[in-house]
Every structure is written in C-alpha cells, then in structure tokens.
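Here the structure is laid out as structure tokens; the discussion comes afterwards.
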Amino acid sequence: MEIDSRFLSTGLLLVATILVAKLISAFIVPKSRKRVPPVVKGWPLIGGLVRFLKGPIFMLREEYPKLGGVFTLKLFHKNITFLIGPEVSAHFFKAPETDLSQQEVYQFNVPTFGPGVVFDVDYSVRQEQFRFFTEALRVNKLKSYVNQMVAEAEDYFSKWGPSGEVDLKYELEHLIILTASRCLLGREVRDKLFDDVSALFHDLDNGMLPISVLFPYLPIPAHKRRDQARTKLANIFATIIASRKSASKSEDDMLQCFIDSKYKDGRPTTEAEVTGLLIAALFAGQHTSSITSTWTGAYLLCNNKYLSAVQEEQKQLMEKHGDRVDHDVLAEMDVLYRCIKEALRLHPPLIMLLRSSHSDFSVTTREGKEYDIPKGHIIATSPAFANRLGHIFKDPDRYDPDRFSVGREEDKVAGAFSYISFGGGRHGCLGEPFAYLQIKAIWTHLLRNFELELVSPFPEIDWNAMVVGVKGKVMVRYKRKVLSVNQ
Ligand code: HEM
C-alpha cells in the first residue's frame with residue numbers, strides 16, 4: 001500500500017514536472033526556437049555557398065519541392081530565409097522598414113549611386129527622395145516623356161535600311177539608353193554629351209559585379225573605374241544644373257523634377273543628390289526595360305497567335321486615332337500590355353529581392369504549417385521562381401498572355417503578390433508605368449513599320465548577369481512595310 005502511494009506520488013510529480021516544463025517552454029522559450037523553418041542541407045559553413053553559387057534559382061528549384069515555401073539557407077554566418085509564394089511573402093512586401101529593411105542588403109549600391117542618396121541615407125530621407133521619384137513619374141509628366149519616347153523610336157529606326165538583319169538585343173538596349181537620356185537625364189546630355197555620358201555610365205555599370213555585392217569597396221580596377229566615372233558624372237551634372245539655374249531654364253525631364261524638388265523642411269536638393277538620384281533612376285530602369293522589350297520581341301516573333309493579335313490591335317487603334325501615338329493611345333493597348341507582362345512574368349530581370357529582418361515574425365504556408373523566423377535573418381523572395389508557381393499560374397512555363405485577361409486574371413486570383421516582377425507593397429516599383437509606356441512605344445513603332453522574323457534560336461537566359469537578361473545575340477531579319485488599316 002505504502003509502495004503504491006509512493007509510485008502514485010512519483011508518477012504525479014513526473015506528470016506535473018512535464019506539464020510545468022511544457023508551460024515554461026510555451027511562455028519562456030522564445031517561439032522562434034520551436035518552429036524554425038527547415039534548413040537547406042549541405043556541408044557546414046560552405047555548403048550554402050556551394051548551393052548558392054550554382055545559382056539561386058537552381059537551388060530554389062531543388063529545395064522548394066522538398067521543403068516548401070519557407071526555408072533557410074546558411075551562408076557563412078548568415079541565415080537567408082526564403083519566402084516563396086503569395087501565401088507567405090505578404091510580410092516581405094508589407095512590413096514597415098523598422099521590421100524589414102532594405103538599407104543593409106542593398107548597401108552595395110552606395111558607391112555607384114553616390115553619397116547622400118537612397119541607401120546611403122536614413123529611411124525618412126529616402127522616403128522623401130522616393131516622393132521625388134513619384135512626382136517625376138506622375139501621369140502629366142509621363143505624357144510628355146511619351147512624346148519623347150516616340151520621337152526617339154522614330155529617329156532610331158529611320159536609320160535602319162529597307163531590309164536587313166540586326167541583333168535586336170543590341171538595338172533595343174541602345175534605343176533605351178537614348179530614350180532614357182532624353183526623358184531622365186535631359187536635353188543637354190542627349191543632344192551634346194551623349195557619348196561621354198554613356199561611356200561613363202558604362203564604367204559605372206561594369207563596376208557592379210557579383211563580388212561588389214559582398215565587397216563594394218574592394219580595390220579592383222573595375223571599382224576604380226566606377227569611382228572615377230561617378231566623379232566625372234557628378235561634375236557634368238553640376239555644370240548642367242548650374243547652367244539651367246542661371247538661365248532660369250526649365251525642361252520637361254526627370255532632371256528638372258529633381259532640381260525643383262524640396263524636402264519637407266523646405267530644403268532644395270543639392271547638385272550631388274540630383275546626380276545620385278538620376279543614376280539610381282537609370283540603374284533601376286535601363287537594363288530592366290531593355291531586357292523586357294527584347295524578351296517581348298522574342299516571344300511575339302515565335303508566337304503567331306499573339307503576333308497577329310498585337311497587329312490587329314494596332315490596326316484597330318489606327319482606325320480610331322490615325323497615326324497618333326501618345327500616352328492615351330498607348331494606354332489603350334491591352335493586348336500588347338498583356339504580351340509584355342507575360343514576357344516579364346517568365347523573365348523578371350530582378351530575380352531576387354532582399355530585406356534584413358529586425359524583429360521576429362511568423363508565417364503560415366499554404367499547407368497550414370506555421371514557422372517563426374527570428375530577427376537577424378536576411379529575408380529573400382524570388383520573382384523568377386515565384387512567377388512560375390504551378391498552383392498560381394496554369395502551365396507556368398508556357399507563354400500565355402491571355403492568362404491575365406478578364407475571366408482568368410491568374411495574377412490576381414491567388415491574391416496580391418502572386419505576380420512580383422515589379423515587387424509590390426511598400427517598395428513596389430515606381431517606374432512601372434514608365435517602363436510599360438517605353439516598351440509599348442518601341443513595339444508600336446516596330447509593329448507598324450516592319451515585318452520581323454527571328455533568325456537565331458529562341459534565346460536562353462543569362463543567369464550570370466546582375467540584372468538577368470538574354471544570353472547572346474537575338475538576330476532578327478527585318479523588312480520595311482507600312483501597316484495599313486485595310487491589310
Ligand atoms: C521592366 C522594367 C522594370 C522592372 C522589372 C522593375 C522592377 C522593380 C522591382 C522588382 C522593384 C522592387 C525592389 C525591391 O522590392 O527590393 C523595383 C523598385 C523600384 N523601381 Fe523598378 N523596375 C523597372 C523599371 C523601373 C523604371 C523605368 C524606374 C524609374 C525610371 C524604376 C524605379 C524604381 C524605383 C525608384 C524603385 C524603388 C521603390 C521603393 O523602394 O520604394 N523602375 N523595380
């Protein structure tokens with residue numbers, strides 16, 4: 001009897017201990033230790049690096065089916081947690097800067113953009129500078145930029161002969177630099193200084209290498225040339241700005257908007273800030289747009305159904321508006337819009353977006369699993385991978401612009417952040433309308449004035465580039481024609 005009661009009290013003590021331990025773990029042990037995301041397997045320390053160097057998209061393709069939409073890659077002492085798919089990425093896009101910030105992970109841009117702008121300044125100043133971008137890209141401004149885009153396209157393609165063969169990738173890259181110079185950098189650069197300035201931008205561009213992400217100030221020749229180019233650009237813009245100010249001249253371009261911008265406390269922008277913001281605009285918009293216009297062309301020239309559809313749309317608009325091509329006419333081009341948007345779904349030039357996390361947070365996957373992500377992790381999401389998720393986009397690797405048409409709207413049915421080529425939420429791209437107008441203006445001109453045929457194989461993806469684009473040449477045979485309403 002005595003033994004029984006001793007057993008009973010020992011048993012009760014055990015149960016009570018387990019219960020107390022459970023309670024303590026529930027209340028005291030940080031949540032983050034209990035439900036951390038699964039970790040990508042690999043050799044300790046450099047395992048993650050080896051996987052990452054093979055290419056982040058290849059790693060995602062291997063790990064997502066095994067681990068799901070939330071997992072951590074250990075890269076040296078860093079934890080990179082991926083949030084893949086709209087079910088888990090909302091926090092990535094919506095979190096305030098105090099929780100998820102860009103400044104640390106995008107620091108490598110500072111030597112290129114220069115001091116005092118964007119990722120070199122506190123969030124409150126950066127927000128004001130992004131307000132300058134927003135104002136410079138308002139519809140009334142876009143209307144005048146479009147006229148310049150159309151004029152640049154007409155001028156550029158007037159130099160093509162009656163027929164011939166060109167590398168479309170090179171041609172579109174070049175045209176977009178010219179257009180960006182006109183709309184963003186201003187008349188002085190476009191008309192007088194184009195060769196000098198584009199050579200300097202070339203050096204800036206070549207100074208942004210994968211190694212620069214980790215060591216932006218490494219004393220290598222490419223970084224040295226980058227720094228010299230930046231100083232020269234700053235001098236060129238200082239002269240232009242001073243001359244505009246002294247002559248009280250005002251132009252219709254982004255440069256003018258930045259010169260006229262004022263911070264909340266009434267302080268005007270400095271010449272160095274204006275230069276830095278223009279460089280940032282060019283870096284954000286130039287490769288991204290030229291890559292997208294090339295992919296759009298490659299897909300259209302390989303898909304008769306959509307080539308005919310965009311041509312038909314052009315004819316209808318010509319019937320309605322004659323030869324007029326302006327902001328409002330471009331805005332009516334829904335078919336062309338969907339064709340560009342689909343090329344961009346399959347090939348977003350920014351394949352990986354990053355944040356640095358400053359507070360713990362939790363996410364629930366579509367399978368209902370909950371994970372707690374501790375602060376201190378780098379948080380990543382990938383437009384290139386998420387834009388091809390099979391549960392969001394039907395037959396995801398197929399070029400199918402109709403997936404965005406009324407009735408299907410695959411980019412919306414699974415909720416916001418299903419289609420993330422332009423990011424979204426708090427830091428969504430401010431140049432999206434500008435980019436579409438520019439690409440539409442170019443393709444409107446090509447569709448109305450040329451018969452085009454892709455003569456090289458369908459292009460591959462250049463995964464090694466910082467802004468991921470088209471590998472090799474995209475050879476196109478052209479012949480002049482005049483698209484007429486009665487054709
Ligand atoms: C096809 C063309 C373009 C693509 C695919 C693209 C893509 C993106 C993406 C993915 C982001 C979000 C980055 C992140 O969340 O970390 C972004 C942000 C941004 N983009 Fe674009 N972009 C394009 C064109 C442009 C153009 C033409 C401009 C300006 C002229 C521009 C200006 C910006 C700015 C200022 C931001 C920062 C917004 C913020 O952080 O609040 N972009 N872009």
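Counting starts at 1 for both ligands and their atoms, following the listed order. Just so it is clear, the structure is predicted and the values come from calculations on it, not from any experiment.
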Task: Asn387 and Ser421: side chain donor to acceptor below 3.5 Å - done: yes
Open item on the list: Quiz question: by atom type and distance under 3.5 Å, do the side chains of Glu152 and His445 form a donor-acceptor pair?
Closed with: no
Which residue holds the protein heavy atom closest to [atom], what is that atom called, and what is the gap in Å?
atom: atom 13 (C) of ligand 1; value: Leu353 CD2, 4.0 Å
atom: atom 15 (O) of ligand 1; value: Arg355 NH2, 2.8 Å
atom: atom 16 (O) of ligand 1; value: Tyr106 OH, 2.7 Å
atom: atom 12 (C) of ligand 1; value: His427 O, 3.6 Å
atom: atom 7 (C) of ligand 1; value: Ser421 O, 3.5 Å

TODO: For ligand 1, indicate whether the residue Gln438 contacts it via side chain, backbone, both or neither (heavy-atom separation under 4.0 Å).
DONE: neither
Task: More than 12 heavy atoms from other groups under 6.0 Å of CZ on Phe215 - done: no
For ligand 1, which atoms sit closer than 4.0 Å to a heavy atom of [X]?
X: Gln102; value: 14 (C), 16 (O), 40 (O)
X: Thr292; value: 1 (C)
X: Phe434; value: 27 (C)

TODO: Could you tell me whether Tyr263 and Phe132 have their ring centroids closer than 6.0 angstrom?
DONE: yes
Task: Aromatic centroids of Tyr371 and Phe71 separated by under 6.0 Å - done: no
Open item on the list: When you measure from the heavy atoms of Gly428 to every atom of ligand 1, does any distance fall below 4.0 Å?
Closed with: yes
Look at the rings of [X] and [Y] and say which category their plane angle falls in: under 30° parallel, 30 to 60° tilted, over 60° perpendicular.
X: Phe93; Y: Phe417; value: parallel
X: Tyr299; Y: Trp295; value: tilted
X: Phe258; Y: Phe133; value: perpendicular

Task: Environment of atom 21 (Fe) of ligand 1 in terms of protein N/O/S atoms, cut-off under 2.8 Å - done: Cys429 SG
Task: Six-ring centre of Tyr419, Lys341 cation under 6.0 angstrom, axis tolerance 45° - done: yes
Task: Qualifying residue, where the test is side chain to side chain contact (heavy atoms under 4.5 Å, CB included) with Tyr123 and the options are Gln103, Glu128, Glu97 - done: Glu97
Open item on the list: I need the Phe108 CZ to Leu214 CG distance, nearest 0.5 Å.
Closed with: 10.0 Å
